[in-house]
Number of protein chains: 2
Amino acid sequence: MKIDPKSSADLSAQIAKSIRDAIINGEMDVDTRLPSEAELSEQFDVSRPTVREALKRLAAQNLIRTQRGASGGAFVRRLSYQDAYANHITTSTLLLSMNAVDFETACEARYALERACAPLSAVRRTPDHLATMRAEIHRQSQPGLSDESFCDSDVAFHRALVDGADNPVLSYQLAGAVEAMQPLMNMITFTARNREMIVGLHTRIADALDEKEPALADTALAELTAYTLQLGEEAMAARDARAAKPDTTS
Amino acid sequence: MKIDPKSSADLSAQIAKSIRDAIINGEMDVDTRLPSEAELSEQFDVSRPTVREALKRLAAQNLIRTQRGASGGAFVRRLSYQDAYANHITTSTLLLSMNAVDFETACEARYALERACAPLSAVRRTPDHLATMRAEIHRQSQPGLSDESFCDSDVAFHRALVDGADNPVLSYQLAGAVEAMQPLMNMITFTARNREMIVGLHTRIADALDEKEPALADTALAELTAYTLQLGEEAMAARDARAAKPDTTS
DNA sequence: CGAATTCTAAATGTCTGACAATTTAAACAC
DNA sequence: GTGTTTAAATTGTCAGACATTTAGAATTCG
(Lines give C-alpha, C1' and ligand atoms only; values in the text may rest on other atoms or scores of the structure.)
Protein backbone atom coordinates (compact mmCIF):
# COMPACT_ATOMS: atom_id res chain seq x y z
CA MET A 1 0.00 0.00 0.00
CA LYS A 2 0.88 3.67 -0.17
CA ILE A 3 2.78 3.52 -3.45
CA ASP A 4 1.45 5.10 -6.61
CA PRO A 5 3.56 4.97 -9.78
CA LYS A 6 3.21 7.28 -12.73
CA SER A 7 0.58 5.35 -14.62
CA SER A 8 -1.95 6.32 -17.23
CA ALA A 9 -4.92 4.98 -15.28
CA ASP A 10 -7.23 7.08 -13.16
CA LEU A 11 -5.75 8.07 -9.85
CA SER A 12 -8.88 7.03 -7.99
CA ALA A 13 -8.71 3.60 -9.62
CA GLN A 14 -5.07 3.20 -8.64
CA ILE A 15 -5.73 4.22 -5.07
CA ALA A 16 -8.72 1.91 -4.85
CA LYS A 17 -6.62 -0.96 -6.17
CA SER A 18 -3.87 -0.21 -3.71
CA ILE A 19 -6.21 -0.30 -0.73
CA ARG A 20 -8.14 -3.26 -2.11
CA ASP A 21 -4.95 -5.30 -2.41
CA ALA A 22 -4.04 -4.46 1.15
CA ILE A 23 -7.40 -5.74 2.34
CA ILE A 24 -7.36 -8.87 0.21
CA ASN A 25 -3.83 -9.76 1.26
CA GLY A 26 -4.97 -9.64 4.84
CA GLU A 27 -2.87 -6.64 5.77
CA MET A 28 -5.92 -5.05 7.32
CA ASP A 29 -8.21 -7.06 9.52
CA VAL A 30 -11.94 -6.69 9.69
CA ASP A 31 -13.07 -3.48 11.41
CA THR A 32 -9.67 -1.86 11.02
CA ARG A 33 -10.10 1.84 10.50
CA LEU A 34 -8.57 3.35 7.40
CA PRO A 35 -6.85 6.72 7.63
CA SER A 36 -9.23 9.65 7.26
CA GLU A 37 -9.86 11.10 3.83
CA ALA A 38 -7.62 14.04 4.65
CA GLU A 39 -4.79 11.74 5.71
CA LEU A 40 -5.16 9.53 2.66
CA SER A 41 -5.13 12.51 0.35
CA GLU A 42 -1.84 13.54 1.93
CA GLN A 43 -0.35 10.05 1.78
CA PHE A 44 -1.20 9.58 -1.87
CA ASP A 45 -0.63 13.23 -2.66
CA VAL A 46 -4.01 13.78 -4.30
CA SER A 47 -7.05 15.84 -3.47
CA ARG A 48 -9.84 14.71 -1.21
CA PRO A 49 -12.44 14.24 -3.98
CA THR A 50 -10.07 11.81 -5.67
CA VAL A 51 -9.66 9.86 -2.46
CA ARG A 52 -13.42 9.88 -2.02
CA GLU A 53 -13.96 8.40 -5.48
CA ALA A 54 -11.56 5.62 -4.57
CA LEU A 55 -13.37 4.93 -1.31
CA LYS A 56 -16.73 4.86 -3.07
CA ARG A 57 -15.38 2.21 -5.40
CA LEU A 58 -14.43 0.08 -2.42
CA ALA A 59 -17.78 0.71 -0.77
CA ALA A 60 -19.52 -0.49 -3.94
CA GLN A 61 -17.67 -3.77 -3.58
CA ASN A 62 -18.71 -4.10 0.04
CA LEU A 63 -15.08 -3.96 1.12
CA ILE A 64 -15.49 -0.99 3.45
CA ARG A 65 -18.22 0.83 5.31
CA THR A 66 -18.13 4.47 6.31
CA GLN A 67 -19.30 6.20 9.42
CA ARG A 68 -19.75 9.90 9.95
CA GLY A 69 -18.81 11.96 12.93
CA ALA A 70 -15.86 12.09 15.28
CA SER A 71 -13.99 8.78 15.41
CA GLY A 72 -15.88 7.90 12.27
CA GLY A 73 -14.21 7.03 9.00
CA ALA A 74 -13.89 4.07 6.69
CA PHE A 75 -13.61 0.60 8.17
CA VAL A 76 -12.75 -2.72 6.63
CA ARG A 77 -15.99 -4.56 6.37
CA ARG A 78 -16.64 -8.22 6.98
CA LEU A 79 -18.11 -9.60 3.78
CA SER A 80 -21.30 -11.32 4.88
CA TYR A 81 -22.77 -14.32 3.12
CA GLN A 82 -25.85 -12.23 2.52
CA ASP A 83 -23.94 -9.53 0.68
CA ALA A 84 -21.93 -12.06 -1.27
CA TYR A 85 -25.11 -13.93 -2.25
CA ALA A 86 -26.83 -10.81 -3.51
CA ASN A 87 -23.74 -9.72 -5.40
CA HIS A 88 -23.22 -13.11 -6.94
CA ILE A 89 -26.82 -13.39 -8.06
CA THR A 90 -26.94 -10.03 -9.79
CA THR A 91 -23.59 -10.64 -11.46
CA SER A 92 -24.62 -14.06 -12.67
CA THR A 93 -27.94 -12.78 -13.95
CA LEU A 94 -26.25 -9.92 -15.76
CA LEU A 95 -23.64 -12.22 -17.21
CA LEU A 96 -26.28 -14.49 -18.66
CA SER A 97 -28.47 -11.74 -20.05
CA MET A 98 -25.66 -9.65 -21.50
CA ASN A 99 -23.89 -12.51 -23.18
CA ALA A 100 -26.94 -14.22 -24.58
CA VAL A 101 -26.21 -17.55 -22.96
CA ASP A 102 -28.52 -20.13 -24.44
CA PHE A 103 -31.07 -21.92 -22.36
CA GLU A 104 -29.44 -25.29 -22.82
CA THR A 105 -26.08 -24.22 -21.40
CA ALA A 106 -27.53 -22.49 -18.38
CA CYS A 107 -29.96 -25.31 -17.70
CA GLU A 108 -27.28 -27.95 -17.95
CA ALA A 109 -25.05 -26.06 -15.54
CA ARG A 110 -27.80 -25.53 -13.05
CA TYR A 111 -28.92 -29.12 -12.84
CA ALA A 112 -25.40 -30.51 -12.90
CA LEU A 113 -24.62 -28.44 -9.83
CA GLU A 114 -27.85 -29.35 -8.11
CA ARG A 115 -27.17 -33.01 -8.61
CA ALA A 116 -23.90 -32.44 -6.80
CA CYS A 117 -25.86 -31.21 -3.78
CA ALA A 118 -28.58 -33.83 -3.75
CA PRO A 119 -26.55 -36.65 -2.15
CA LEU A 120 -25.45 -34.38 0.67
CA SER A 121 -28.93 -32.98 1.07
CA ALA A 122 -30.39 -36.47 1.30
CA VAL A 123 -28.26 -37.09 4.37
CA ARG A 124 -28.41 -33.73 6.10
CA ARG A 125 -31.71 -32.03 5.24
CA THR A 126 -33.67 -30.97 8.30
CA PRO A 127 -37.44 -31.22 8.72
CA ASP A 128 -37.50 -27.50 7.97
CA HIS A 129 -36.06 -28.00 4.52
CA LEU A 130 -38.52 -30.78 3.79
CA ALA A 131 -41.40 -28.63 5.00
CA THR A 132 -40.33 -25.80 2.69
CA MET A 133 -40.15 -28.16 -0.24
CA ARG A 134 -43.57 -29.63 0.49
CA ALA A 135 -45.05 -26.15 0.87
CA GLU A 136 -43.64 -25.03 -2.47
CA ILE A 137 -44.90 -28.19 -4.16
CA HIS A 138 -48.34 -27.42 -2.80
CA ARG A 139 -48.10 -23.85 -4.07
CA GLN A 140 -47.09 -25.11 -7.49
CA SER A 141 -50.23 -27.25 -7.63
CA GLN A 142 -52.55 -24.26 -7.26
CA PRO A 143 -54.44 -23.88 -10.54
CA GLY A 144 -54.59 -20.08 -10.71
CA LEU A 145 -50.86 -19.51 -10.35
CA SER A 146 -49.18 -17.25 -12.89
CA ASP A 147 -46.18 -18.51 -14.82
CA GLU A 148 -43.97 -16.07 -12.98
CA SER A 149 -45.14 -17.16 -9.55
CA PHE A 150 -44.66 -20.74 -10.61
CA CYS A 151 -41.04 -19.97 -11.45
CA ASP A 152 -40.57 -18.15 -8.15
CA SER A 153 -41.82 -21.17 -6.33
CA ASP A 154 -39.57 -23.38 -8.43
CA VAL A 155 -36.54 -21.36 -7.36
CA ALA A 156 -37.61 -21.54 -3.72
CA PHE A 157 -38.00 -25.31 -3.97
CA HIS A 158 -34.57 -25.82 -5.45
CA ARG A 159 -33.10 -23.36 -3.03
CA ALA A 160 -34.35 -25.50 -0.15
CA LEU A 161 -32.88 -28.56 -1.84
CA VAL A 162 -29.48 -26.89 -2.06
CA ASP A 163 -29.59 -25.44 1.44
CA GLY A 164 -30.41 -28.91 2.73
CA ALA A 165 -26.82 -29.89 2.01
CA ASP A 166 -25.93 -27.67 4.97
CA ASN A 167 -22.82 -26.29 3.31
CA PRO A 168 -22.83 -22.48 3.04
CA VAL A 169 -20.07 -22.51 0.43
CA LEU A 170 -22.14 -24.80 -1.74
CA SER A 171 -25.26 -22.68 -1.21
CA TYR A 172 -23.34 -19.57 -2.17
CA GLN A 173 -21.95 -21.01 -5.38
CA LEU A 174 -25.28 -22.55 -6.31
CA ALA A 175 -27.30 -19.43 -5.69
CA GLY A 176 -25.80 -17.84 -8.77
CA ALA A 177 -26.68 -20.72 -11.03
CA VAL A 178 -30.20 -21.25 -9.72
CA GLU A 179 -31.36 -17.65 -9.46
CA ALA A 180 -29.72 -16.46 -12.65
CA MET A 181 -31.74 -19.04 -14.57
CA GLN A 182 -35.02 -17.45 -13.58
CA PRO A 183 -35.26 -14.87 -16.35
CA LEU A 184 -34.71 -17.62 -18.88
CA MET A 185 -37.24 -19.85 -17.18
CA ASN A 186 -39.75 -17.02 -17.19
CA MET A 187 -39.79 -17.14 -20.97
CA ILE A 188 -41.48 -20.52 -20.83
CA THR A 189 -45.26 -20.68 -20.89
CA PHE A 190 -46.30 -23.62 -18.78
CA THR A 191 -49.33 -25.70 -19.65
CA ALA A 192 -51.28 -27.55 -17.01
CA ARG A 193 -49.74 -30.77 -18.27
CA ASN A 194 -46.20 -29.32 -17.87
CA ARG A 195 -46.86 -28.28 -14.32
CA GLU A 196 -48.33 -31.63 -13.42
CA MET A 197 -45.20 -33.31 -14.71
CA ILE A 198 -42.87 -30.96 -12.84
CA VAL A 199 -44.81 -31.19 -9.60
CA GLY A 200 -44.64 -34.96 -9.90
CA LEU A 201 -40.86 -34.87 -10.24
CA HIS A 202 -40.56 -32.40 -7.39
CA THR A 203 -42.60 -34.74 -5.23
CA ARG A 204 -40.34 -37.64 -6.12
CA ILE A 205 -37.30 -35.56 -5.17
CA ALA A 206 -38.83 -34.53 -1.86
CA ASP A 207 -39.83 -38.12 -1.14
CA ALA A 208 -36.31 -39.31 -1.91
CA LEU A 209 -34.79 -36.78 0.47
CA ASP A 210 -37.40 -37.66 3.05
CA GLU A 211 -36.36 -41.30 2.88
CA LYS A 212 -32.67 -40.40 2.62
CA GLU A 213 -32.31 -42.10 -0.74
CA PRO A 214 -29.66 -40.22 -2.75
CA ALA A 215 -30.00 -42.51 -5.74
CA LEU A 216 -33.72 -41.87 -6.14
CA ALA A 217 -33.19 -38.13 -5.84
CA ASP A 218 -30.53 -38.26 -8.50
CA THR A 219 -32.74 -40.17 -10.90
CA ALA A 220 -35.62 -37.75 -10.44
CA LEU A 221 -33.29 -34.77 -10.91
CA ALA A 222 -31.94 -36.32 -14.10
CA GLU A 223 -35.46 -36.68 -15.45
CA LEU A 224 -36.29 -33.14 -14.42
CA THR A 225 -33.21 -31.93 -16.27
CA ALA A 226 -34.22 -33.69 -19.44
CA TYR A 227 -37.79 -32.46 -19.19
CA THR A 228 -36.78 -28.86 -18.52
CA LEU A 229 -34.40 -28.94 -21.47
CA GLN A 230 -37.20 -30.22 -23.66
CA LEU A 231 -39.57 -27.48 -22.51
CA GLY A 232 -36.88 -24.91 -23.14
CA GLU A 233 -36.29 -26.14 -26.65
CA GLU A 234 -39.98 -25.95 -27.43
CA ALA A 235 -40.23 -22.45 -26.01
CA MET A 236 -37.23 -21.27 -28.03
CA ALA A 237 -38.60 -22.86 -31.18
CA ALA A 238 -41.94 -21.14 -30.65
CA ARG A 239 -40.23 -17.81 -30.07
CA ASP A 240 -38.11 -18.19 -33.19
CA ALA A 241 -41.20 -19.06 -35.21
CA ARG A 242 -42.94 -15.90 -33.99
CA ALA A 243 -39.88 -13.84 -34.83
CA ALA A 244 -39.58 -15.31 -38.32
CA LYS A 245 -43.22 -14.76 -39.24
CA PRO A 246 -44.25 -11.10 -39.54
CA ASP A 247 -46.50 -9.86 -36.78
CA THR A 248 -50.14 -10.48 -37.74
CA THR A 249 -51.79 -8.71 -34.85
CA SER A 250 -50.90 -5.11 -35.54
CA MET B 1 -34.61 5.89 -13.22
CA LYS B 2 -34.37 9.63 -12.57
CA ILE B 3 -36.31 9.61 -9.32
CA ASP B 4 -34.71 10.26 -5.99
CA PRO B 5 -36.84 10.31 -2.83
CA LYS B 6 -35.88 12.08 0.36
CA SER B 7 -33.95 9.29 1.97
CA SER B 8 -31.32 9.17 4.65
CA ALA B 9 -28.77 7.30 2.54
CA ASP B 10 -25.92 8.91 0.68
CA LEU B 11 -26.99 10.69 -2.44
CA SER B 12 -24.25 9.04 -4.47
CA ALA B 13 -25.43 5.63 -3.30
CA GLN B 14 -29.01 6.43 -4.26
CA ILE B 15 -28.00 7.65 -7.68
CA ALA B 16 -25.79 4.63 -8.25
CA LYS B 17 -28.64 2.33 -7.27
CA SER B 18 -31.03 4.14 -9.56
CA ILE B 19 -28.75 3.76 -12.57
CA ARG B 20 -27.78 0.23 -11.62
CA ASP B 21 -31.42 -0.83 -11.50
CA ALA B 22 -31.99 0.66 -14.92
CA ILE B 23 -29.11 -1.36 -16.33
CA ILE B 24 -30.07 -4.60 -14.61
CA ASN B 25 -33.68 -4.31 -15.70
CA GLY B 26 -32.50 -4.05 -19.25
CA GLU B 27 -33.67 -0.46 -19.75
CA MET B 28 -30.24 0.37 -21.13
CA ASP B 29 -28.59 -1.90 -23.63
CA VAL B 30 -24.89 -2.60 -23.82
CA ASP B 31 -22.88 0.36 -25.15
CA THR B 32 -25.68 2.80 -24.48
CA ARG B 33 -24.24 6.14 -23.51
CA LEU B 34 -25.33 7.61 -20.20
CA PRO B 35 -26.00 11.35 -19.96
CA SER B 36 -22.89 13.39 -19.26
CA GLU B 37 -21.95 14.16 -15.68
CA ALA B 38 -23.22 17.68 -16.06
CA GLU B 39 -26.57 16.46 -17.37
CA LEU B 40 -26.89 13.86 -14.64
CA SER B 41 -26.12 16.42 -11.96
CA GLU B 42 -28.95 18.54 -13.33
CA GLN B 43 -31.37 15.62 -13.61
CA PHE B 44 -30.75 14.45 -10.06
CA ASP B 45 -30.27 17.99 -8.81
CA VAL B 46 -26.92 17.31 -7.17
CA SER B 47 -23.40 18.50 -7.76
CA ARG B 48 -21.01 16.94 -10.22
CA PRO B 49 -18.68 15.41 -7.59
CA THR B 50 -21.66 13.55 -6.17
CA VAL B 51 -22.57 12.23 -9.59
CA ARG B 52 -18.98 11.22 -10.11
CA GLU B 53 -18.93 9.24 -6.87
CA ALA B 54 -22.00 7.39 -8.08
CA LEU B 55 -20.40 6.64 -11.45
CA LYS B 56 -17.23 5.38 -9.78
CA ARG B 57 -19.33 2.96 -7.78
CA LEU B 58 -20.80 1.59 -10.99
CA ALA B 59 -17.37 1.43 -12.60
CA ALA B 60 -16.11 -0.59 -9.65
CA GLN B 61 -18.83 -3.14 -10.39
CA ASN B 62 -17.87 -3.31 -14.04
CA LEU B 63 -21.28 -1.99 -15.01
CA ILE B 64 -20.00 1.01 -16.95
CA ARG B 65 -16.84 2.16 -18.63
CA THR B 66 -15.85 5.79 -19.16
CA GLN B 67 -14.18 7.47 -22.08
CA ARG B 68 -12.64 10.88 -22.12
CA GLY B 69 -12.82 13.47 -24.82
CA ALA B 70 -15.55 14.73 -27.12
CA SER B 71 -18.31 12.18 -27.62
CA GLY B 72 -16.87 10.44 -24.59
CA GLY B 73 -18.80 9.72 -21.44
CA ALA B 74 -20.04 6.72 -19.50
CA PHE B 75 -21.26 3.68 -21.41
CA VAL B 76 -23.05 0.56 -20.29
CA ARG B 77 -20.45 -2.14 -20.32
CA ARG B 78 -20.84 -5.70 -21.46
CA LEU B 79 -19.88 -7.85 -18.50
CA SER B 80 -17.28 -10.23 -19.88
CA TYR B 81 -16.74 -13.73 -18.57
CA GLN B 82 -13.20 -12.69 -17.76
CA ASP B 83 -14.32 -9.82 -15.53
CA ALA B 84 -16.98 -11.94 -13.91
CA TYR B 85 -14.46 -14.73 -13.25
CA ALA B 86 -11.98 -12.39 -11.61
CA ASN B 87 -14.68 -10.75 -9.56
CA HIS B 88 -16.15 -14.02 -8.45
CA ILE B 89 -12.78 -15.43 -7.44
CA THR B 90 -11.78 -12.48 -5.28
CA THR B 91 -15.20 -12.36 -3.66
CA SER B 92 -15.18 -16.07 -2.92
CA THR B 93 -11.65 -15.95 -1.54
CA LEU B 94 -12.52 -13.01 0.66
CA LEU B 95 -15.70 -14.67 1.84
CA LEU B 96 -13.81 -17.75 2.93
CA SER B 97 -10.96 -15.93 4.61
CA MET B 98 -13.11 -13.35 6.40
CA ASN B 99 -15.64 -15.81 7.70
CA ALA B 100 -13.19 -18.47 8.79
CA VAL B 101 -14.81 -21.22 6.75
CA ASP B 102 -13.33 -24.51 7.86
CA PHE B 103 -11.33 -26.63 5.50
CA GLU B 104 -13.83 -29.46 5.53
CA THR B 105 -16.73 -27.32 4.34
CA ALA B 106 -14.79 -25.67 1.53
CA CYS B 107 -13.23 -28.93 0.44
CA GLU B 108 -16.53 -30.74 0.38
CA ALA B 109 -18.11 -28.00 -1.71
CA ARG B 110 -15.26 -27.94 -4.16
CA TYR B 111 -15.19 -31.62 -4.86
CA ALA B 112 -18.95 -31.99 -4.92
CA LEU B 113 -19.07 -29.40 -7.67
CA GLU B 114 -16.17 -30.91 -9.55
CA ARG B 115 -17.85 -34.27 -9.53
CA ALA B 116 -20.80 -32.60 -11.20
CA CYS B 117 -18.52 -31.56 -14.06
CA ALA B 118 -16.64 -34.80 -14.49
CA PRO B 119 -19.34 -36.71 -16.41
CA LEU B 120 -19.70 -33.87 -18.88
CA SER B 121 -15.96 -33.45 -19.16
CA ALA B 122 -15.52 -37.14 -19.88
CA VAL B 123 -17.67 -36.72 -22.96
CA ARG B 124 -16.56 -33.35 -24.22
CA ARG B 125 -12.94 -32.76 -23.18
CA THR B 126 -10.71 -31.88 -26.12
CA PRO B 127 -7.13 -33.11 -26.64
CA ASP B 128 -6.07 -29.68 -25.41
CA HIS B 129 -7.67 -30.22 -22.04
CA LEU B 130 -6.09 -33.64 -21.73
CA ALA B 131 -2.71 -32.22 -22.69
CA THR B 132 -2.99 -29.55 -20.00
CA MET B 133 -3.88 -32.13 -17.40
CA ARG B 134 -0.99 -34.38 -18.39
CA ALA B 135 1.40 -31.44 -18.32
CA GLU B 136 0.29 -30.43 -14.84
CA ILE B 137 0.60 -34.00 -13.63
CA HIS B 138 4.14 -34.05 -14.94
CA ARG B 139 4.86 -30.77 -13.18
CA GLN B 140 3.48 -32.15 -9.94
CA SER B 141 5.90 -35.06 -10.17
CA GLN B 142 8.96 -32.83 -10.15
CA PRO B 143 10.84 -33.43 -6.89
CA GLY B 144 12.02 -29.89 -6.22
CA LEU B 145 8.61 -28.26 -6.44
CA SER B 146 7.56 -25.97 -3.58
CA ASP B 147 4.29 -26.58 -1.79
CA GLU B 148 2.90 -23.41 -3.25
CA SER B 149 3.77 -24.31 -6.82
CA PHE B 150 2.30 -27.74 -6.24
CA CYS B 151 -0.97 -26.10 -5.23
CA ASP B 152 -0.86 -23.79 -8.24
CA SER B 153 -0.47 -26.77 -10.48
CA ASP B 154 -3.28 -28.53 -8.65
CA VAL B 155 -5.59 -25.63 -9.38
CA ALA B 156 -4.56 -25.61 -13.05
CA PHE B 157 -5.23 -29.34 -13.30
CA HIS B 158 -8.70 -29.06 -11.84
CA ARG B 159 -9.39 -25.99 -13.88
CA ALA B 160 -8.73 -27.98 -17.04
CA LEU B 161 -11.01 -30.71 -15.76
CA VAL B 162 -13.81 -28.21 -15.25
CA ASP B 163 -13.24 -26.39 -18.52
CA GLY B 164 -13.39 -29.74 -20.27
CA ALA B 165 -17.12 -29.78 -19.64
CA ASP B 166 -17.32 -27.04 -22.26
CA ASN B 167 -19.93 -25.07 -20.37
CA PRO B 168 -18.90 -21.48 -19.60
CA VAL B 169 -21.61 -21.09 -16.97
CA LEU B 170 -20.30 -24.13 -15.17
CA SER B 171 -16.72 -22.92 -15.45
CA TYR B 172 -17.73 -19.57 -14.05
CA GLN B 173 -19.51 -20.98 -11.03
CA LEU B 174 -16.75 -23.49 -10.38
CA ALA B 175 -13.93 -20.99 -10.61
CA GLY B 176 -15.00 -19.47 -7.30
CA ALA B 177 -14.99 -22.77 -5.48
CA VAL B 178 -11.74 -24.07 -6.92
CA GLU B 179 -9.61 -20.94 -6.72
CA ALA B 180 -10.92 -19.77 -3.38
CA MET B 181 -9.73 -23.04 -1.85
CA GLN B 182 -6.12 -22.31 -2.69
CA PRO B 183 -5.22 -20.28 0.40
CA LEU B 184 -6.57 -23.10 2.55
CA MET B 185 -4.71 -25.72 0.52
CA ASN B 186 -1.52 -23.70 0.88
CA MET B 187 -1.60 -24.32 4.62
CA ILE B 188 -0.91 -27.99 3.99
CA THR B 189 2.68 -29.21 3.96
CA PHE B 190 2.90 -32.02 1.45
CA THR B 191 5.23 -34.94 1.99
CA ALA B 192 6.64 -36.91 -0.90
CA ARG B 193 4.24 -39.70 -0.06
CA ASN B 194 1.26 -37.29 -0.20
CA ARG B 195 2.25 -36.01 -3.59
CA GLU B 196 2.74 -39.47 -4.97
CA MET B 197 -0.75 -40.37 -3.86
CA ILE B 198 -2.31 -37.23 -5.35
CA VAL B 199 -0.43 -37.58 -8.63
CA GLY B 200 -1.64 -41.15 -8.84
CA LEU B 201 -5.25 -40.06 -8.41
CA HIS B 202 -4.81 -37.25 -10.91
CA THR B 203 -3.44 -39.74 -13.38
CA ARG B 204 -6.43 -41.99 -12.86
CA ILE B 205 -8.75 -39.05 -13.46
CA ALA B 206 -6.95 -38.05 -16.64
CA ASP B 207 -6.96 -41.64 -17.84
CA ALA B 208 -10.68 -41.90 -17.17
CA LEU B 209 -11.40 -38.74 -19.16
CA ASP B 210 -9.08 -39.97 -21.89
CA GLU B 211 -11.08 -43.18 -22.18
CA LYS B 212 -14.38 -41.33 -21.73
CA GLU B 213 -15.26 -43.30 -18.63
CA PRO B 214 -17.33 -41.05 -16.35
CA ALA B 215 -17.71 -43.71 -13.69
CA LEU B 216 -13.97 -44.19 -13.28
CA ALA B 217 -13.44 -40.45 -13.07
CA ASP B 218 -16.08 -40.19 -10.39
CA THR B 219 -14.52 -42.94 -8.31
CA ALA B 220 -11.08 -41.36 -8.49
CA LEU B 221 -12.51 -37.97 -7.58
CA ALA B 222 -14.30 -39.48 -4.61
CA GLU B 223 -11.04 -40.98 -3.40
CA LEU B 224 -9.25 -37.70 -3.96
CA THR B 225 -11.92 -35.95 -1.91
CA ALA B 226 -11.48 -38.34 0.99
CA TYR B 227 -7.72 -38.13 0.82
CA THR B 228 -7.67 -34.33 0.69
CA LEU B 229 -10.05 -34.13 3.64
CA GLN B 230 -7.74 -36.42 5.58
CA LEU B 231 -4.69 -34.31 4.76
CA GLY B 232 -6.59 -31.21 5.78
CA GLU B 233 -7.56 -32.68 9.11
CA GLU B 234 -3.98 -33.64 9.83
CA ALA B 235 -2.74 -30.18 8.89
CA MET B 236 -5.34 -28.50 11.09
CA ALA B 237 -4.52 -30.82 14.00
CA ALA B 238 -0.83 -30.05 13.64
CA ARG B 239 -1.55 -26.34 13.55
CA ASP B 240 -3.76 -26.52 16.64
CA ALA B 241 -1.07 -28.47 18.47
CA ARG B 242 1.48 -25.78 17.66
CA ALA B 243 -0.91 -23.09 18.82
CA ALA B 244 -1.71 -24.86 22.08
CA LYS B 245 1.90 -25.46 23.04
CA PRO B 246 3.86 -22.30 23.87
CA ASP B 247 6.43 -21.36 21.29
CA THR B 248 9.73 -23.05 22.16
CA THR B 249 11.91 -21.41 19.54
CA SER B 250 11.99 -17.85 20.75
C1' DC C 1 -10.48 18.27 -55.36
C1' DG C 2 -8.17 15.67 -51.79
C1' DA C 3 -5.27 15.20 -47.86
C1' DA C 4 -2.86 16.75 -44.06
C1' DT C 5 -2.98 19.98 -40.43
C1' DT C 6 -4.95 22.98 -37.08
C1' DC C 7 -8.54 24.49 -34.29
C1' DT C 8 -12.46 24.03 -31.42
C1' DA C 9 -15.72 22.13 -28.44
C1' DA C 10 -17.26 18.52 -25.38
C1' DA C 11 -16.39 15.52 -22.02
C1' DT C 12 -13.96 13.40 -18.14
C1' DG C 13 -10.08 13.93 -14.60
C1' DT C 14 -8.39 16.71 -10.92
C1' DC C 15 -7.80 20.49 -7.62
C1' DT C 16 -9.04 24.15 -4.13
C1' DG C 17 -11.86 25.79 -0.73
C1' DA C 18 -15.82 26.00 1.67
C1' DC C 19 -19.95 24.69 4.36
C1' DA C 20 -23.40 21.21 6.32
C1' DA C 21 -24.46 17.18 9.09
C1' DT C 22 -23.28 13.91 12.34
C1' DT C 23 -21.20 11.80 16.07
C1' DT C 24 -17.87 11.31 19.88
C1' DA C 25 -15.78 12.99 23.84
C1' DA C 26 -14.32 16.36 26.79
C1' DA C 27 -15.58 20.39 29.58
C1' DC C 28 -18.65 22.26 32.61
C1' DA C 29 -22.42 23.15 35.74
C1' DC C 30 -25.39 21.32 39.26
C1' DG D 1 -21.51 11.73 40.46
C1' DT D 2 -24.73 13.03 36.85
C1' DG D 3 -26.65 15.58 33.24
C1' DT D 4 -25.95 19.25 29.87
C1' DT D 5 -23.33 21.92 26.84
C1' DT D 6 -19.73 22.65 23.87
C1' DA D 7 -16.01 21.64 20.83
C1' DA D 8 -13.63 18.89 17.59
C1' DA D 9 -13.13 15.42 14.11
C1' DT D 10 -14.90 13.29 10.15
C1' DT D 11 -17.72 12.34 6.31
C1' DG D 12 -21.25 14.38 2.96
C1' DT D 13 -22.12 17.97 -0.32
C1' DC D 14 -21.51 21.96 -3.10
C1' DA D 15 -19.44 25.61 -6.34
C1' DG D 16 -16.16 26.90 -9.52
C1' DA D 17 -12.04 26.40 -11.90
C1' DC D 18 -8.36 24.34 -14.72
C1' DA D 19 -6.05 20.27 -17.09
C1' DT D 20 -6.30 16.57 -20.33
C1' DT D 21 -8.04 13.91 -23.85
C1' DT D 22 -10.54 13.10 -27.93
C1' DA D 23 -13.70 13.58 -32.08
C1' DG D 24 -14.97 16.27 -35.50
C1' DA D 25 -15.13 20.52 -38.00
C1' DA D 26 -12.58 24.09 -40.24
C1' DT D 27 -8.67 25.45 -42.70
C1' DT D 28 -4.77 25.29 -45.51
C1' DC D 29 -1.79 23.46 -48.90
C1' DG D 30 -0.42 20.41 -52.75
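In what follows, every chain begins at residue 1, and chains take the letters A, B, ... in the order their sequences are listed.
In this model, no donor atom of one side chain and acceptor atom of the other lie less than 3.5 Å apart for A:Q61 and A:N87. Side-chain N/O atoms of A:T105 and B:N167 include no donor and acceptor closer than 3.5 Å. For the residue pair A:D29 / A:T32, no side-chain donor-acceptor distance below 3.5 Å is found, with atom types taken as modelled. For A:T91 and A:H88, the side-chain atoms include no donor-acceptor pair closer than 3.5 Å. With hydrogens and angles left out, the side-chain atoms of A:Q182 and A:D154 include no donor and acceptor closer than 3.5 Å. No side-chain donor from either of A:H129 and A:T132 sits under 3.5 Å from a side-chain acceptor of the other.
Spacing between atom CD of A:E37 and atom P of D:dT10 amounts to 10 Å, rounded to whole angstrom units. Rounded to a whole Å, the CZ atom of A:F75 is 16 Å from the P atom of D:dA9. The CD atom of B:E42 sits 15 Å away from the C1' atom of C:dA10 (whole-angstrom rounding). Distance CD (B:Q14) to C1' (D:dT13): 13 Å, rounded to an integer number of Å. If you take CZ of B:R65 and P of D:dT22, they are 14 Å apart, rounded to a whole angstrom. For the pair B:D10 CG and D:dT11 P, the computed distance is 12 Å after rounding to whole Å. Taking atom CZ on B:F44 and atom P on D:dC14, their separation rounds to 13 Å, with Å as the unit.
Nearest nucleotide to the side chain of B:A70, out of C:dA9, C:dT12, D:dG12: C:dA9. The side chain of A:R68 has C:dA21 as its nearest neighbour among D:dA9, C:dA21, D:dC14. The listed nucleotides are C:dT14, D:dT11, C:dT24; the one nearest the side chain of A:L11 is C:dT14.
The side chain of A:S47 contributes an N or O atom lying less than 4.0 Å from OP1 or OP2 of C:dC15. Distances shorter than 4.0 Å separate some side-chain N or O of B:R52 from OP1 or OP2 on C:dG13. The phosphate of C:dG13 (OP1 or OP2) has a side-chain N or O of B:T66 nearer than 4.0 angstrom. Residue B:T50 places at least one side-chain N or O under 4.0 Å from the OP1 or OP2 atom of D:dC14.
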What N/O pairs connect the protein and nucleotides 4-6 of chain C at under 3.5 Å? Give each pair on its own line.
none

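Comparing A:E53 and A:Q67 against DNA chain C, the residue whose closest nucleotide sits nearer the 5' end is A:E53.
Among the atoms of the strands shown, only primed sugar atoms or phosphate atoms (P, OP1, OP2) are found under 4.0 Å from some heavy atom of B:R33.
Of the charged side-chain nitrogens involved, none lies within less than 4.0 Å of a carboxylate oxygen, so that A:D83 and A:R65 do not count as a salt-bridged pair.
Environment of CG in A:D45: sparse, with no more than 12 heavy atoms of neighbouring residues, nucleotides or ligands closer than 6.0 Å. Open room surrounds CD on B:E42; 12 or fewer heavy atoms of other groups in view lie less than 6.0 Å from it.
Side-chain atoms of A:R48 stay outside donor-acceptor range of the base of C:dG17, with no qualifying N/O pair under 3.5 Å.
Of the possible polar contacts, none joining the A:S153 side chain to the A:F150 backbone as a donor-acceptor pair under 3.5 Å is found.
Helical stems in DNA chain C, defined as runs of 3 or more consecutive Watson-Crick or G-U wobble pairs with donor-acceptor distances under 3.5 Å: C:1-30 with D:1-30.
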